[in-house]
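Input: a single structure, listed below in structure tokens.
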Amino acid sequence: MTILLYELVGRDESRPFSPHCWKATMALAHKGLDISTAPTRFLEVPAIEGGASKTVPVIRDGDKVVIDSFDIALYLEEAYPDRPTLFGGDGGKAMARFIERWSQLTIHPYVTTAALVDLHAMQDEENAVYFRQSREQRFGRQLEDVVAARDAGLAAFRTSLEPLRSMLGYQPFIGGTSPLFADYIVFGALQWARIATPYQLLEDSDAVAQWFARCLDLHGGLGRKVAAAA
């Protein structure tokens, strides 16, 4: 049975950009499951699956609807135990929870700073109005003023990745010799930036950038099927 994935898009349906949807996409590929996708714009989210969620990703697997990327991964692990593991046991689930919080508190704020104007430009007219209004209300200033701080914050952002960079000196993936859901969490954040903005967050020689390239190549180069922002 094919699993339906609702994923966030802008004007161009072929360029899903949400970090959380990419986590789910990679988790589904890791499990080797057949999927179909439902491209969904911001203003369409409240109507999916009868109002099941205010955010995406959402999946439908037969009669089962699951929301939230982490809950989707937990569901896939339980529903398809014969497929490759996303966590490698309860310890891996606990580790992934830490990685999720670290990513959302360390990587997501800077990606937002770097890409906010570009993300706005990706939306169609109606969703661009929503995006600007909601984000300017959240940040208390214009989108352009938020992005103006990205150059000043770049060095600190790169330094903040040192724990990951140092760990990658010991092993090729966060999960060890092969990726786990913890890898897809951080991958999703950097893939969000890659698709949304041409602004270079990392030097090509950075171990984190090299790890990200390895993740892009996973599952038949799934991450590369959406081109980087030009």
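Here the structure is a predicted model, which means the values were calculated and not measured. Just so you know, these numbers use all the heavy atoms, side chains as well, and skip hydrogens, waters and symmetry mates.
Defined by atom type and a distance below 3.5 Å, a donor-acceptor pair is missing between the side-chain atoms of Y75 and D68. Side-chain polar atoms of T85 and E77 form a donor-acceptor pair below 3.5 angstrom.
The only option from M26, H20, K23 that meets the side chain to side chain contact (heavy atoms under 4.5 Å, CB included) definition with I185 turns out to be K23.
Ring geometry, W192 versus H108: the interplanar angle falls from 30° to 60°, so the pair is classed tilted.
Shown here are the salt bridge (charged side-chain N to carboxylate O under 4.0 Å, His left out) partners of R97, two or more places apart in sequence or in another chain: E100.
Smallest separation of non-hydrogen atoms from I67 and D71: O-CB, 3.3 Å. P198 and D118 get closest at one heavy-atom pair: CD-OD2, 4.2 Å. Residues A52 and V65 approach most closely at CB-CG1, 4.3 Å, considering heavy atoms.
Salt-bridge annotation for D206 and R158: absent, with no side-chain N of the basic residue lying under 4.0 Å from a carboxylate O of the acidic one. Between R11 and E125, none of the side-chain N atoms (NZ, or NE/NH1/NH2) sits under 4.0 Å from a carboxylate O, so this pair counts as no salt bridge.
Between F173 and L218, the closest side-chain pair of non-hydrogen atoms falls below 4.5 Å. Put simply, the side chain of R214 does not reach to within 4.5 Å of the side chain of D183, judged on heavy atoms. The shortest distance between side-chain heavy atoms of L190 and I107 falls below 4.5 Å.
Atoms CZ and OG1, from R150 and T112 in turn, are 12.5 Å apart once rounded to the nearest 0.5 Å. Between the CD atom of Q210 and the CZ atom of R165 there is a distance of 10.5 Å, given to the nearest 0.5 Å. In this structure, CG on L164 lies 10.5 Å from OG1 on T106, to the nearest 0.5 angstrom. Atom CZ of residue F212 and atom CG of residue L168 lie 13.0 Å apart, to the nearest 0.5 angstrom. Here the straight-line distance linking atom CG of L5 with atom CZ of R60 works out to 13.5 Å at 0.5 Å rounding.
Listed by first and then second residue, the ring-ring contact (aromatic ring centres under 6.0 Å, His included) pairs involving residues 42-71 are F42-Y130, F42-F131, F70-F87, F70-F181 (not counting sequence neighbours).
L222 and V9 fall into different hydrophobic clusters, where Ile, Leu, Val, Met, Phe, Trp and Tyr are joined by side-chain heavy atoms under 4.5 Å apart, directly or via other members.
Between the side chain of E7 and the main chain of V56, no donor-acceptor pair closer than 3.5 Å is present. With hydrogens and angles disregarded, no donor-acceptor distance shorter than 3.5 Å links the side chain of Y170 to the backbone of G176.
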